[in-house]
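In each ligand, atom 1 is the first atom listed, and ligand 1 is the first ligand listed. One-based numbering along the sequence shown.
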Amino acid sequence: MTSNAIDLANVIFAYKSGSPILRIPSLQIPTGRRVFLHGPSGSGKTTLLSLISGVLTAQQGSVEVLGRDLTKLLPGARDTLRGSEIGYIFQGFNLIPYLTVRENIALPCDLHPTRRKRITASTTAEEVRRIATRLDLHAQLDAPVTHLSTGQQQRVAIARAIIGSPALVIADEPTSSLDTDRRDAFLALLTEVTTETRATLLFVSHDRSLAKHFDETLSLATINEAAQTEAA
Ligand SMILES: Nc1ncnc2c1ncn2[C@@H]1O[C@H](COP(=O)(O)OP(=O)(O)OP(=O)(O)O)[C@@H](O)[C@H]1O
């Protein structure tokens, strides 16, 4: 395993025909580190996460994730790497509304054999039960996710992100709709379970007060030269 889970060099990204949103000479996130990346709304946080998860491709530079340069992979190989090795917690959770809690949590194992093979329980169903119990969701396993409270939906999003122990967990502003107590509880749980699975955690938010929950804090404005050009 490489010592950096994420390693970007000389990256430039622009949406079609626009000027660059991201111009990042260098960004390294060591394996196993829990990193908080902050930046104001519209500064390019989600865009950067999309480059790191291989949803978008940089026009220039290299985007190495878990030792593979995503800019050199074919789309199919990028999708496999994302599904197998990255657990993603979206801003609005993106749970599948017509599936139960159990089915939502199991989804990465159903879709990606590598996630299924890495589970420690004897079956996916047993692993779903184990994680649901760990996250206090065992009573809701057969409920449609649309019947859950926001806090319960967040815990389903964590469960889905960590099942099958992906090496990297990415969270995009998942706490923006929470009050302070719930936000702190969510962050404590997320850092605990990613420590248990030994995942590298990259968490982005505009809210700098969250920095205390993480090993390291980065400012997108500092690492992104496109932002500095715009501000000048
Ligand atoms: N699909 C797209 N096509 C064109 N421009 C886009 C697209 N998605 C985002 N942008 C632009 O790129 C810039 C960065 O957007 P991005 O969503 O990455 O910022 P963000 O920091 O995640 O914002 P927020 O905190 O509000 O979610 C914004 O100016 C946005 O308008």
Side-chain angles (χ1 to χ4, degrees), residues 5-29 33-65 69-71 73 75 78-79 81-82 86-95 150-151 153-154 156-158 160-161 166 168-180 182-184 186-187 190-191 194 200-214 216-232:
I6 296 170
D7 192 342
L8 271 60
N10 303 316
V11 164
I12 298 181
F13 176 82
Y15 286 102
K16 259 184 211 158
S17 71
S19 52
I21 302 281
L22 297 174
R23 200 184 280 276
I24 299 180
S26 175
L27 169 64
Q28 282 94 30
I29 296 184
R33 192 75 61 91
R34 290 182 303 231
V35 173
F36 176 57
L37 176 74
H38 70 80
S41 178
S43 61
K45 301 182 297 297
T46 301
T47 304
L48 175 59
L49 295 185
S50 299
L51 291 181
I52 291 170
S53 57
V55 173
L56 295 172
T57 312
Q59 281 91 9
Q60 283 183 47
S62 64
V63 178
E64 277 190 22
V65 175
D69 184 352
L70 300 187
T71 62
L73 294 183
R78 276 202 303 271
D79 291 347
L81 181 74
R82 178 170 58 250
I86 302 178
Y88 206 107
I89 303 174
F90 298 87
Q91 199 162 9
F93 314 133
N94 290 18
L95 302 178
T150 305
Q153 289 185 28
Q154 283 173 325
V156 176
I158 294 182
R160 189 179 61 179
L168 175 62
V169 172
I170 291 176
D172 187 2
E173 299 252 20
T175 56
S176 50
S177 59
L178 297 183
D179 61 37
T180 310
R182 281 169 189 235
R183 198 191 63 193
D184 286 351
F186 175 87
L187 285 166
L190 180 62
T191 49
T194 49
T200 304
L201 174 63
L202 175 58
F203 185 105
V204 311
S205 174
H206 67 278
D207 183 355
R208 286 166 189 254
S209 72
L210 305 184
K212 59 180 181 288
H213 295 274
F214 298 87
E216 182 180 349
T217 297
L218 300 171
S219 157
L220 185 54
T222 306
I223 60 174
N224 179 18
E225 286 183 347
Q228 292 150 25
T229 313
E230 201 174 85

Going from [atom1] on [X] to [atom2] on [Y], what distance comes out if it is rounded to the nearest 0.5 angstrom?
{"X": "Thr191", "Y": "His213", "atom1": "OG1", "atom2": "NE2", "value": "8.0 Å"}
{"X": "Leu187", "Y": "Lys212", "atom1": "CG", "atom2": "NZ", "value": "8.5 Å"}
{"X": "Leu56", "Y": "Tyr15", "atom1": "CG", "atom2": "OH", "value": "5.0 Å"}

Original post:
Is there a donor-acceptor pair under 3.5 Å between the side chain of Lys45 and the backbone N or O of Pro40?
Top reply: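 A pair under 3.5 Å: yes.
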Subject >> Ile52 side chain reached by Ile29 side chain, heavy atoms, under 4.5 Å >> reply: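 They are not in side-chain contact.
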**OP:** Scan side-chain atoms only and decide if Asp172 and Gln91 contain a donor-acceptor pair under the 3.5 Å cut-off.
**Re:**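 Short answer, no.
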**OP:** Could you pull out every protein residue that has a heavy atom closer than 4.0 Å to ligand 1, ordered by chain and then number?
**Re:**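 Correct list: Tyr15, Ile21, Pro40, Ser41, Gly42, Ser43, Gly44, Lys45, Thr46, Thr47, Glu173.
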